[in-house]
Structure formats: C-alpha cells, structure tokens
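For reference, the structure is listed below as structure tokens.
Numbers for residues simply follow the sequence, beginning at 1. Since we're looking at a predicted model, the values are computed, not measured.
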Amino acid sequence: MLDNPRKAAAADAPPETDAVSTRARALVVLFVDDEPDNIDLFRQQFGTAYVVRTAESAKDALEILEREDVALVLTDERMPQMSGIELLAKVVERWPDTVRVIVSAYGDAGRLLRAINHGHAHEYVLKPWEKAELGGCIKRGLAIARRRRDLVVRAERAGLAEADARAEYAFERVVGADSGLTSVLAVARRAAQTEATVLVRGETGTGKELVARLIHDASPRKDGPFVRVNCAALAEGVLESELFGHEKGAFTGALALRRGRFELASGGTIFLDEIGDISPKLQANLLRVLQERELERVGGSIPVPVDVRVVAATHRDLEARVREGLFREDLFYRINVVPITVPPVRERRGDVGPLVRHFIAKHAPAGRAQPTVSDETVERLAEYAWPGNVREIENLVQRALVLAVGDELSIEDFSMRLDIAHDAPVREQARDAERESLRRLLIEQGGNVARAARVLGVARTTLLSRAKKHGLVP
C-alpha cells in the first residue's frame, strides 16, 4: 500500500498538466459520520493509505463534494437533519460517477438493500466495522472509480462523447468478451439502441444482471436510473407494492403515498430479475403496464403513466411454464421481444482462466502482493462443471485467497468443493491442507482469530467460520 498515494500517482503519471490528468490521478475518499470517535478511527485506520476527507454532517459532506473531486463516499445512515441515504440520493443526482457506500450501526437490512436496489448505494457495511472488511470495500470502490475515470480520460482524448465512450468501454471490459460471450454481447449492443423489451435467459450465476446493465449503459436511457427488482425474493403482496407503489391508507401500515419501482425507474430501465417466479395476478398487472404504459398503485384507481424500458431475466423454462398454465402466454410474447441467452460456464470453459484472474485482482487483500495462479491450475479448474457458474467461481476465488499460504494459488486452495479429481482421497487431502494452513496461522498468532484474520486480510467472521468447521476453535 502506498504511504503517499498522491505523490506516487504524480510520479507515475505522464508529465501532463491538463484537467484530464488531474482528474485521473485524484482518488479522494470522503467519510461522513456524526460521531467524532468514528471519524478519528477511520482516519487512524485509513488516513495513511488513502487521500481521506471527513465530514460530521451531510451538509458538510455536500460542501466538500462541491469543491473537491471525490471518488468514494462512505456515510453513516442515521444522522441529524439528513440521513445517509438522503445524502447519497443527492450524490447520485449531482455526482453520479461517485461510488457510494453506507456504513450503518443498525441491522436494518431491508432499508439498506432498498438503497442499493434503488441505485443510491453500491454496498453497505455494518458497524462496528472490521478494518479488513471496510478496507476491502474501499478497495473495490476505488477500483470502480478508477475504471470510470479511465472512461472520461479516454473520451476526452479521443474526442468522444463521455456517455458513448462509457458504453463502449463497458462492453470491452466484460470478461469473456473475446470468447464465450461474443455473440451475447453482439445482440446486447444492437438491442441497446432500441426501446424493445429484452428477456435475458440463463442459469443462476451466469451474469444476467451484467448483461442488463450493459444494455442500459449503452442505450439512449443511460443517463436515467437503472432499477433492479428480484421478483423471487419478495412475497406477492410486498412485490406488488414494490413494483407499482401504493396510495396512503391502501393497507395497514400504508401511512403515506409510496411510488413503486416502475415510477422510480422513469426515464431509465427497470430490470425484473427472476420474472418467471411472479404470481398470475402480478403477471396480469405487469402485462397491462407493458401494453398500456401506465399503472395503478395499490389502493388507487387513477392511471399513472410510466416511461421505462423493461429488461427481464429468468433461469426458468418459460415455454414449459406456459404449457403448464403457470405463466401467461401473452406476457411471455410481450417480454420475449429480444431474447438473449447467456451460456453457462461449462459451455465456455475458455473463460474460466480470465474469470479466476479477474476475481483474484478484485478480492486480493489490500496491502499484500496479489497472488498468481498457474496455467496448469487454470486447466484443472476448467475441467470442473461449475454448476454455480460465474458466482461460484467468485466465491471459490475468495475462499482460495483466505486459505492460500504462498504467493501462488494451487489447485488444493480451490478444491474444497470441487470434484476436479473425482476421488475422495484427493478431496480429503485438500481438506487436511486447509486445516493445517489455518492451524499454523492460529498458532503463529497465539490463537487470536482477529489477528489471524487481519494477516489474511479477511473478515474475522469468515476466518472463524472456517476454523470452527475444522474444530480448531470452540
């Protein structure tokens, strides 16, 4: 980790003095919290590694944002006068490229997740935070900010409109764009230039949301909101209110009028994930929205016009569900205007190596040399079926980074769940290797799990869970 990132960035940058180079170098982290002790702790833990600014209120934070080019905002949620989510809503409106994180002392997961789904925040971290967990969050946020700033630099130097460069660069950076996803991205590019409804199909974990976001970012609606709804995660009554909103008094607890996700996505794109799981009643309501471009809030009778582009996704066989009477045929044809199928990893094994290396770079602990992975290990990993697809690759890379002792990830670091060798002795050997690695580390750290977790650069709870599994701690 650089002791003085501003000086190092200046030394590494080409001798330019224009606004482009200045903006590309500066990566300012703004931490907002109304408790001085938390600000002091944040500065103590991260002030030497990053260019840090702090504010004790949302008002002070907005003043800093007005005068400085801030790459990442981390804010407390419950603050006087203006909450963290309200602050981030203003940040989205005025500085949409700033990466946003909520650091909350309250386990109100529903409210925080809604903030993420509405696009107000990229992540959240619960207090009291662990340094490794928050540090990883900062690292990911700055990586996003750096990529976004590269787009601006490229656009200005090439004389392109920033939005056009952003869309083009987004497609270029997709892992698999040169192999298994070439045809998928070609269709997505063409679909993005239209207003047609798109249905993205594929197994769980293949990256359907990524395709939906690319379509939005490359579309004429790119400056509008991208609103995601997981239709399978909410009960029917809750999902209806989430999608279409409700009037005051519509049901017990409806104390005020609430706009739904379709209204919040006005001028942009709504992504209906797992659309194959919605109930027949909601299918009828959704069909009306798609046909009439208007909706009625729950408890209301006045039509509300909506201006939104719909991208839906499912892992289910919708044709089979239509035959079984579980999904409306007219709705199926309405959403299946432009079908895009994302192939599973087992059908694009050439992407395994690039994906593994991508997630190593994304999740490697801050302040340590980034581990490598040999071509031989990648070949072994490509033999696995990957039923969980890209999501499973990311999870196993994160686990391998926890377990690895040296500077290179071996097949044993990955194979706790893999059937690569197809025989029990090898899997047992891998479990023994994991246990021995953790045992040695805990001995070196005097049995202190928190210190051992800091050495690995992972959350204490992650390491504790693995240690308990092997009977190394009570």
Side-chain angles (χ1 to χ4, degrees), residues 1-3 5 27 29-33 35 37-52 54 71-76 99-105 107 109 112 116 121-146 358-371 394-407 409 413-414 416 434 437-470 472-473:
M1 189 62 63
L2 298 172
D3 292 330
L27 287 173
V29 176
L30 172 60
F31 179 73
V32 190
D33 199 301
E35 297 182 21
D37 288 348
N38 286 333
I39 286 181
D40 291 343
L41 178 60
F42 187 88
R43 280 195 169 278
Q44 176 187 342
Q45 291 182 336
F46 303 108
T48 58
Y50 302 104
V51 182
V52 170
T54 58
L72 170 65
V73 175
L74 304 102
T75 180
D76 186 20
V99 182
R100 305 166 299 277
V101 175
I102 299 174
V103 185
S104 174
L112 300 180
I116 292 174
H122 294 83
E123 290 191 56
Y124 73 86
V125 176
L126 292 179
K127 296 180 185 175
W129 69 75
E130 295 186 17
K131 181 181 178 182
E133 181 183 10
L134 189 57
C137 180
I138 293 172
K139 179 182 177 181
R140 290 190 295 275
L142 290 180
I144 293 172
R146 190 172 289 108
H358 167 74
F359 290 127
I360 289 174
K362 177 180 177 181
H363 295 294
R368 296 175 57 194
Q370 181 175 305
E394 182 170 15
N395 289 343
L396 277 171
V397 167
Q398 288 181 272
R399 177 182 298 181
L401 290 169
V402 172
L403 301 175
V405 177
D407 296 330
L409 301 182
D413 295 324
F414 288 95
M416 274 56 67
E434 175 185 359
S437 296
L438 293 180
R439 186 186 70 81
R440 288 200 309 268
L441 178 61
L442 288 169
I443 290 174
E444 292 170 0
Q445 300 304 320
N448 189 309
V449 175
R451 282 207 304 265
R454 284 195 294 271
V455 169
L456 289 174
V458 300
R460 175 182 176 277
T461 52
T462 300
L463 185 61
L464 184 60
S465 173
R466 304 301 302 168
K468 283 182 176 179
K469 176 182 176 182
H470 292 292
L472 298 174
V473 297

Handout entry: Residue pair I360 / L409, side-chain heavy-atom distance below 4.5 Å
Key = yes

Exercise for the section: Rounded to the nearest 0.5 Å, what's the gap from CG on L30 to CG on L74? Could you check? Expected result: 8.0 Å

Problem - Between CD1 on residue I39 and CG on residue D33, distance to nearest 0.5 Å - result: 6.0 Å

Practice task
Find the distance between CG (N395) and NE2 (H363) and round it off to the nearest 0.5 Å.
Solution key: 8.0 Å

Handout entry: N38 side chain reached by K127 side chain, heavy atoms, under 4.5 Å
Key = yes

Exercise for the section: Tell me, with the steps shown, if W129 and L41 meet side chain to side chain contact (heavy atoms under 4.5 Å, CB included). Expected result: CA-CA 10 Å; W129 69 75; L41 178 60; 3.7 Å; yes

Handout entry: Shortest non-hydrogen contact from D76 toward S104
Key = OD1-CA, 4.3 Å

Practice task
Determine, stepwise, if the pair L396 / F359 fulfils side chain to side chain contact (heavy atoms under 4.5 Å, CB included).
Solution key: CA-CA 10 Å; L396 277 171; F359 290 127; over 6 Å; no

Practice task
Apply ring pair (Phe, Tyr, Trp, His ring centres under 6.0 Å) to F42 and list each qualifying residue two or more places apart in sequence or on a separate chain.
Solution key: F31, F46

Practice task
Considering non-hydrogen atoms only, spot the tightest contact between V99 and G141 and give its length.
Solution key: CG2-O, 3.4 Å

Problem - Inter-residue atom distance I138.CD1 - Q45.CD, 0.5 Å rounding - result: 9.0 Å

Problem - Side-chain heavy atoms of V101 within contact of L72, under 4.5 Å - result: yes

Handout entry: Full working for side chain to side chain contact (heavy atoms under 4.5 Å, CB included) between L27 and Y50
Key = CA-CA 8 Å; L27 287 173; Y50 302 104; over 6 Å; no

Exercise for the section: Check the side chains of E394 and H358 for a donor-acceptor pair under 3.5 angstrom, ignoring hydrogens and angles. Expected result: no

Practice task
Please step through side chain to side chain contact (heavy atoms under 4.5 Å, CB included) for the pair V125 and E130, ending with a clear verdict.
Solution key: CA-CA 9 Å; V125 176; E130 295 186 17; over 6 Å; no

